[in-house]
Peer 1: 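One structure is given below, represented as structure tokens, and several questions about it will come after.
Values reported hereafter were calculated over all heavy atoms of this structure, with side chains retained and with hydrogens, waters and symmetry mates removed. The residues of the chain are indexed from 1 along the displayed sequence.
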Amino acid sequence: MAIFSKSNVPQFSVDVYQNEFLPEGGREVNAIATVSSTGGGTIGAAVGAPHLYSAGQSPDAAVAIMVDCSGSMDYPPTKMRGARDATAAAIDALRDGVRFAVIGGTHVATEVYPGNGRLAVAEAATRGQAKQALRRLSAGGGTAIGAWLRLADRVLASADVTIRHGILLTDGRNEHESPEDLKAALDSCAGRFTCDARGVGTDWEVKEVTGIASALLGTADIVADPAGLAADFTSMMEAAMGKEVADVSLRLWTPVGVEIKFVKQVAPTVEELTDRRTEAGPRAGDYPTGSWGDESRDYHICVQVPGAGLGQEMLAARVSLVVPQGDGSAQTLSQGLVRAVWTDDMAASTSINPQVAHYTGQAELAQVIQQGLDARKAGDLDGATAKLGRAVQLAAASGNADTAKLLSKVVDVVDAAEGTVRLKPKVAEADEMTLETRSTKTVRVKKQ
């Protein structure tokens, strides 16, 4: 558990964007909370740690790299070679002092380096030894990702550090353990370490890989060409090294009579958090957000308030960022307020806040892409055309150029503004998987 003093916690801010005005009888309140974290001079060091490090350094961290070594990694041979090179590149990106381990994954999990349930401390010698150990990696056996995650958890738990992170690479489906086994492993690891997951090639299951990253509050992506693995692993490791504080929760307090309809992250990706709530005292609940560096994220909060008369106003919710303390309490890093005011001014009460409107559209965009691709796979071409057409329309309206480009590889766009499209008769599997994997990525609201 991370314990922080006020002097070494990064500066967090919470800015709330909403239309607080409701018509007579109005009950639904929507708000976007923009949470930003900016670094300080001693970020990342736990209270009482013997060394303090400057911003941007993460010696108070441990990383486990899980490399798929199943038999399919030999087809083509460039996959295994790419995985070794990528892992070596990630090891090179480790900062001095960071603990690390490499795990080989088949139908069992094997410690590749350093072994015996330990973590190595990154320095020139251990980096060299780890890269030497990578040369012994060969492909053979099955795939049981839950076993890989459980071993990573055990190894990472051996270090008394603030940040624990995993990087997982797979090229296939989790065929050598049941879905229940994988879910149990994810439930066991959730909250203990974060994990980025990558699928290489096109023989893996998108929902499986994105589900792993979602459960462990990490990122997911496709690397269709093994040649791109080294650059991707380097980028992932650099992002992990930038994390400075772990176990941050979004705490939502609501007055008596207020019902929470949903809480979701909406930028940089859409992530449903509603069902992840843990109670945190009377009328308060915590939603996990994982580890933070210098970054900003947006959250959409929707609550239902009791009806009230014209001219009345109330606090609809209080949004706080908290980190756990050693005594079981939590330190509040920042907070913002969500309000409700009832008015007979129709212009005020019917105006939609730009941030709320934007992210409502981005959440719908992610949803209709998934629905459209599922319909296409099921042979429902009319349904797929309608959903993907709506996706094109939403991407164009919000300026989500990256998603629009991915959609154009699956459909021929006739009129983006109207959402008129035709399904392409042939679509490369990598293009379809890329669209599905990246469907939850959003763009920030345009500056007004």
Side-chain angles (χ1 to χ4, degrees), residues 12-36 248-267 270-289 296-322 329-367 394 397-398 442 444-448:
F12 280 84
S13 64
V14 179
D15 296 304
V16 174
Y17 301 93
Q18 66 165 132
N19 177 13
E20 60 203 39
F21 296 105
L22 298 175
E24 185 173 13
R27 299 186 62 193
E28 185 172 288
V29 179
N30 287 275
I32 300 298
T34 294
V35 178
S36 299
V248 179
S249 292
L250 186 80
R251 176 166 293 179
L252 193 61
W253 176 90
T254 51
V256 173
V258 173
E259 176 188 345
I260 298 170
K261 298 192 73 174
F262 63 77
V263 178
K264 64 178 72 172
Q265 179 182 286
V266 288
V270 177
E271 192 65 62
E272 183 61 62
L273 299 176
T274 310
D275 294 338
R276 302 190 189 188
R277 176 186 173 103
T278 56
E279 296 307 312
R283 300 189 303 280
D286 287 351
Y287 302 85
T289 68
S296 180
R297 306 179 199 171
D298 293 332
Y299 298 87
H300 187 171
I301 296 157
C302 180
V303 299
Q304 185 171 287
V305 296
L310 294 176
Q312 290 189 280
E313 61 180 83
M314 71 174 290
L315 175 63
R318 183 170 63 236
V319 185
S320 306
L321 267 292
V322 299
S329 65
Q331 179 184 337
T332 300
L333 304 176
S334 187
Q335 67 178 30
L337 305 178
V338 180
R339 300 174 65 238
V341 180
W342 284 265
T343 180
D344 59 1
D345 183 335
M346 290 296 291
S349 64
T350 58
S351 174
I352 300 177
N353 176 269
Q355 278 88 348
V356 171
H358 174 81
Y359 287 122
T360 299
Q362 291 289 283
E364 184 189 355
L365 172 59
Q367 182 181 48
L394 289 166
S398 64
T442 57
R444 306 303 288 268
V445 65
K446 296 174 183 174
K447 297 290 184 183
Q448 301 301 306

Peer 1: Above 12 or not: heavy atoms from other molecules or residues under 6.0 Å from CD of Glu24?
Peer 2: no
Peer 1: If we check salt bridge (Lys or Arg N to Asp or Glu O under 4.0 Å) with Glu271, which of these qualifies: Arg276, Arg297, Lys264?
Peer 2: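 It is Arg276, the one option of Arg276, Arg297, Lys264 that forms the salt bridge (Lys or Arg N to Asp or Glu O under 4.0 Å) with Glu271.
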Peer 1: Does the side chain of Leu273 come within less than 4.5 Å of Tyr299's, by heavy atoms?
Peer 2: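 A side-chain contact exists here, since the closest heavy-atom pair is under 4.5 Å.
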Peer 1: Do any N or O atoms from the side chain of Thr343 and from the backbone of Phe21 form a donor-acceptor pair under 3.5 angstrom?
Peer 2: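 The answer is no, because no donor-acceptor pair under 3.5 Å joins these two groups.
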Peer 1: Just how far is it from atom CZ of Phe262 to atom NE2 of His300, taken to the nearest 0.5 Å?
Peer 2: 4.0 Å
Peer 1: Can you check whether Ala347's main-chain N or O pairs, donor with acceptor, with Ser351's side chain at less than 3.5 Å?
Peer 2: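 Flag not set: sc Ser351 to bb Ala347 has no pair under 3.5 Å.
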Peer 1: Please confirm whether the backbone N or O of Met314 pairs with a side-chain atom of Gln312, one donor and one acceptor, at under 3.5 Å?
Peer 2: no
Peer 1: Which heavy atom of Gly26 sits nearest to which heavy atom of Val305, and what is that distance?
Peer 2: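 Closest approach of Gly26 to Val305, heavy atoms only: O-CG2, 4.5 Å.
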Peer 1: Identify the two heavy atoms, one from Leu315 and one from Val338, that lie closest to each other, and give their separation to 0.1 Å.
Peer 2: CD1-O, 3.4 Å
Peer 1: Considering all heavy atoms of both residues, which atom of Gly307 and which atom of Arg27 are nearest to each other, and what is their separation?
Peer 2: N-NE, 4.0 Å
Peer 1: Do Leu321 and Leu250 have side chains that approach each other closer than 4.5 Å (heavy atoms only, starting at C-beta)?
Peer 2: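 With C-beta onward as the side chain, the pair touches.
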Peer 1: Mind checking the OG-CG spacing from Ser349 to Asn19? Nearest 0.5 Å is all I need.
Peer 2: 7.5 Å
Peer 1: Ala316 and Val258: which non-hydrogen atoms are nearest, and at how many Å?
Peer 2: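 Heavy atoms of Ala316 and Val258 come nearest at O-CG1, 3.6 Å.
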Peer 1: So, the side chain of Asn30 versus the backbone of Gln18: is there a donor-acceptor pair under 3.5 Å, distance only?
Peer 2: no
Peer 1: Within this structure, what is the CG-CH2 distance for the pair Leu22 and Trp342, rounded to the nearest 0.5 Å?
Peer 2: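 The CH2 atom of Trp342 is 5.5 Å from CG of Leu22, to the nearest 0.5 Å.
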Peer 1: Taking side chain to side chain contact (heavy atoms under 4.5 Å, CB included) as the test, write out the residues that go with Glu313, two or more places apart.
Peer 2: Arg339, Val341
Peer 1: Please round to the nearest 0.5 Å and tell me the distance separating atom OG1 of Thr360 and atom CD1 of Ile32.
Peer 2: 6.5 Å
Peer 1: If you measure from OG on Ser320 to CG on Leu337, what distance do you get to the nearest 0.5 Å?
Peer 2: 8.5 Å
Peer 1: Within this structure, what is the CD-CG distance for the pair Gln335 and Leu333, rounded to the nearest 0.5 Å?
Peer 2: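 Here the interatomic distance stands at 11.0 Å.
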Peer 1: Are Phe12 and Val35 side-chain neighbours, meaning at least one heavy-atom pair lies under 4.5 Å?
Peer 2: yes
Peer 1: Assess the residue pair Gln355 and Thr34 against the criterion (side-chain contact (heavy atoms from CB on, under 4.5 Å)); give the C-alpha distance rounded to whole Å, side-chain angles, the decisive distance to 0.1 Å, and a yes or no.
Peer 2: CA-CA 10 Å; Gln355 278 88 348; Thr34 294; 5.8 Å; no
Peer 1: Are any of the side-chain heavy atoms of Val29 and Cys302 separated by less than 4.5 Å?
Peer 2: no
Peer 1: Any idea which heavy atoms bring Val14 and Ala33 closest together, and the distance?
Peer 2: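 Shortest heavy-atom separation between Val14 and Ala33 comes out as CG1-CB, 4.3 Å.
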Peer 1: If you count every heavy atom of other residues, nucleotides or ligands that lies below 6.0 Å from Ile352 atom CD1, does the total exceed 12?
Peer 2: no
Peer 1: Side chains of residues 282-289: which donor-acceptor partners sit under 3.5 Å, not counting sequence neighbours?
Peer 2:
residue	atom	partner	partner atom	Å
Arg283	NE	Thr254	O	3.3
Asp286	OD1	Arg251	NE	2.6
Asp286	OD2	Arg251	NH2	2.9
Tyr287	OH	Arg277	NH1	3.0
Thr289	OG1	Val248	O	2.7
Thr289	OG1	Trp292	NE1	2.9

Peer 1: Taking only residues two or more places apart in sequence or in another chain, which ones pass salt bridge (Lys or Arg N to Asp or Glu O under 4.0 Å) with Glu259?
Peer 2: none
Peer 1: Work out which heavy atom in Leu252 is nearest to a heavy atom in Ala317; give both atom names and the distance.
Peer 2: CD1-CB, 3.9 Å
